There are 2 protein chains.
Amino acid sequence: MLKYSRQREAIKTFLAGRYDHPTAETVYLGIKEEFPNISLGTVYRNLSLLSDIGEIQKLSTGIGPDRFDGNPAPHYHFICKHCGSVLDLSVDGLDHINVLANQGFDGEIEGHITYFYGKCADCKKNS
Amino acid sequence: MLKYSRQREAIKTFLAGRYDHPTAETVYLGIKEEFPNISLGTVYRNLSLLSDIGEIQKLSTGIGPDRFDGNPAPHYHFICKHCGSVLDLSVDGLDHINVLANQGFDGEIEGHITYFYGKCADCKKNS
DNA sequence: CTGCATGCAAAAACTTTGCACCGCC
DNA sequence: GGCGGTGCAAAGTTTTTGCATGCAG
């Protein structure tokens with residue numbers, strides 16, 4: 001049974017209002033302005049819980065700590081190898097790739113996570 | 001300038017002979033049989049170096065520590081959500097998705113990493 | 001010899017957890 | 001009131017790094 005908590009709501013609201021895929025640390029510092037007493041442990045617990053129940057997404061980019069996305073809907077992410085920023089990306093016509101991947105595979109594919117990488121617009125401009 | 005080292009060769013050979021995508025710790029323990037004095041730091045340094053120069057791949061699955069794949073060629077991976085195993089997966093016809101993703105994106109997409117997830121054949125059988 | 005690579009160990013970075021107290025239901 | 005959530009801090013896990021020494025070029 002999931003009990004209401006102001007802290008968890010604040011975390012969801014915080015994430016819903018940002019599109020830069022903050023880390024747990026960034027969420028912590030942000031929430032702290034409203035709840036000066038919140039602890040990093042609580043932030044981690046709630047981020048973990050929310051991503052487990054599918055209300056947010058956890059992004060393990062392989063560069064630095066995990067990041068979190070307040071948008072639970074399936075979409076894609078772009079990681080800039082130069083500045084490390086993580087951007088949302090909407091790519092149409094990729095729904096079929098689970099089916100494609102299941103060809104010749106004995107298990108059951110439920111979904112996929114894709115990270116595109118390269119150079120973001122800003123880094124492209126300044127190079 | 002990259003200098004030859006027996007340790008690095010051993011790590012490459014070790015990875016080339018396995019298909020279970022071991023963690024740094026597993027590589028360390030494996031190499032230790034041949035080089036009892038190798039240190040975990042050296043393993044991390046070389047895994048990081050080798051993945052930087054593209055001779056191996058680093059897999060950040062988001063579950064537990066990073067894993068490493070001795071096959072540098074582009075291919076896909078499947079992560080079993082039940083037992084945590086990581087399997088190679090060959091999926092044809094996904095070369096175009098970088099192009100697809102670049103539509104309406106101002107940056108430059110150089111590649112992508114995709115993790116499929118679900119239930120592996122063994123876990124599917126036993127459930 | 002010169003400088004990158006190693007071994008060792010300490011430390012950093014990131015995340016989880018035990019416990020007593022607090023507050024939702 | 002009962003039980004899950006929180007704050008705090010300690011500990012766990014994973015990875016990086018400083019430094020003296022070793023070995024390839």
Side-chain angles (χ1 to χ4, degrees), chain A residues 1-15 20-53 55-69 79 81 84-86 115, chain B residues 1-15 20-53 55-69 79 81 84-86 115:
Chain A
M1 169 53 192
L2 190 58
K3 195 181 289 187
Y4 170 87
S5 100
R6 269 171 296 170
Q7 289 88 337
R8 186 181 318 118
E9 284 311 303
I11 290 171
K12 280 173 63 175
T13 304
F14 181 83
L15 279 179
D20 61 344
H21 313 89
T23 63
E25 179 78 17
T26 304
V27 173
Y28 169 62
L29 294 173
I31 303 291
K32 223 175 171 180
E33 315 222 327
E34 190 184 352
F35 295 89
N37 288 326
I38 199 173
S39 79
L40 191 51
T42 295
V43 171
Y44 271 104
R45 269 187 290 242
N46 279 303
L47 289 172
S48 178
L49 169 62
L50 290 169
S51 88
D52 283 349
I53 64 179
E55 299 205 3
I56 66 173
Q57 292 192 53
K58 182 174 88 159
L59 309 178
S60 300
T61 66
I63 308 170
D66 287 345
R67 292 162 164 267
F68 296 88
D69 188 332
I79 301 163
K81 287 232 172 161
S85 68
V86 177
Y115 300 109
Chain B
M1 171 50 193
L2 190 59
K3 196 182 287 188
Y4 170 88
S5 101
R6 269 172 296 171
Q7 288 89 336
R8 179 159 53 242
E9 284 311 304
I11 289 171
K12 280 172 62 174
T13 304
F14 180 82
L15 278 180
D20 61 344
H21 315 88
T23 63
E25 179 77 18
T26 305
V27 173
Y28 169 63
L29 293 173
I31 303 290
K32 222 175 172 180
E33 314 222 326
E34 189 184 352
F35 295 88
N37 288 326
I38 199 172
S39 79
L40 190 52
T42 296
V43 171
Y44 270 104
R45 269 187 289 243
N46 279 302
L47 288 173
S48 179
L49 170 62
L50 289 169
S51 87
D52 283 348
I53 63 179
E55 298 205 4
I56 66 172
Q57 293 191 53
K58 182 174 88 158
L59 309 178
S60 300
T61 66
I63 309 168
D66 288 345
R67 291 162 165 266
F68 297 88
D69 187 332
I79 301 163
K81 287 232 173 161
S85 66
V86 178
Y115 300 108

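Below, chain A is the first sequence line, B the second, and so on; all start at residue 1. Computed from a predicted model, the values in this text were never measured in an experiment.
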Do B/I31 and B/I11 have side chains that get closer than 4.5 Å, going by heavy atoms?
yes
Quick note, side-chain hydrogen bond (donor to acceptor under 3.5 Å, both in side chains) partners involving residues 32-41 of chain B, not counting sequence neighbours, are B/Y28-B/K32, B/S39-B/T42
What integer distance in Å separates B/F68:CZ from D/dT14:C1'?
11 Å
Through what angle, rounded to 10 degrees, does the axis of the helix from C/dC1-D/dG25 to C/dC25-D/dG1 turn between its ends, using five pairs per end?
40°
Can you find a heavy atom in the side chain of B/R6 that is under 4.5 Å from one in the side chain of B/F35?
yes
In whole angstrom, give the distance that lies between atom CZ of A/R8 and atom P of D/dG4.
12 Å
Assert: residue with more 5' nearest nucleotide on DNA chain D, out of B/Y4 and B/P65, is B/P65
How many Å lie between CG on A/D52 and P on D/dG5, as a whole number?
13 Å
So, with a heavy-atom separation below 4.0 Å from DNA chain D, the residues of residues 27-39 of chain A are A/N37, A/I38, A/S39
Looking only at side-chain N and O atoms, does A/Q7 come under 4.0 Å of OP1 or OP2 in D/dG7?
yes
Which heavy atom in A/H21 sits nearest to a heavy atom in A/V86, and how many Å separate them?
ND1-O, 2.9 Å
Which heavy atom in B/E55 sits nearest to a heavy atom in B/K12, and how many Å separate them?
OE1-NZ, 2.6 Å
Residue pairs fulfilling salt bridge (Lys or Arg N to Asp or Glu O under 4.0 Å) with at least one residue in residues 20-29 of chain A, sequence neighbours excluded:
A/R18-A/D20
Can you measure B/L49 atom CG to D/dT15 atom C1' for me and round it to whole angstrom units?
16 Å
Could you check if a side-chain atom of B/L47 sits within less than 4.5 angstrom of a side-chain atom of B/K58, using non-hydrogen atoms only?
no
How close do B/P22 and B/L15 get, heavy atom to heavy atom, and via which atoms?
CG-CD2, 3.6 Å
For A/S60 and B/G62, work out which heavy atoms get closest and say how close.
OG-CA, 3.1 Å
Under 4.0 Å from any heavy atom of chain B: name the first and the last nucleotide of DNA chain C that qualifies, 5' to 3'.
C/dG3 to C/dC8
Is there a side-chain contact between B/F68 and B/Q57 in this structure, where contact means two heavy atoms from C-beta onward sitting under 4.5 Å apart?
no
Is any N or O donor-acceptor pair between the side chain of B/K3 and the base of D/dC23 shorter than 3.5 Å?
no
Check for a donor-acceptor pair, side chain of B/Y115 on one end and backbone N or O of A/Y115 on the other, with a separation under 3.5 Å.
no
Could you list the protein-to-nucleotides 16-19 of chain D atom pairs, N/O on both sides, closer than 3.5 Å?
from: D/dG18; atom 1: O6; to: B/R45; atom 2: NH1; distance (Å): 3.3

Is the phosphate of D/dT14 approached by B/T23 (side-chain N or O, under 4.0 Å from OP1 or OP2)?
no
So which heavy atom on A/P65 is nearest to which on A/T23, and how close?
CG-CG2, 3.8 Å
Point-to-point distance, once rounded to the nearest 0.5 Å, from CD1 of A/I79 to OG1 of A/T61
5.0 Å
To the nearest Å, give me how far apart NZ (A/K12) and P (D/dG5) are.
14 Å
Out of curiosity, B/D69 CG to B/S51 OG, how far, rounded to the nearest 0.5 Å?
11.5 Å
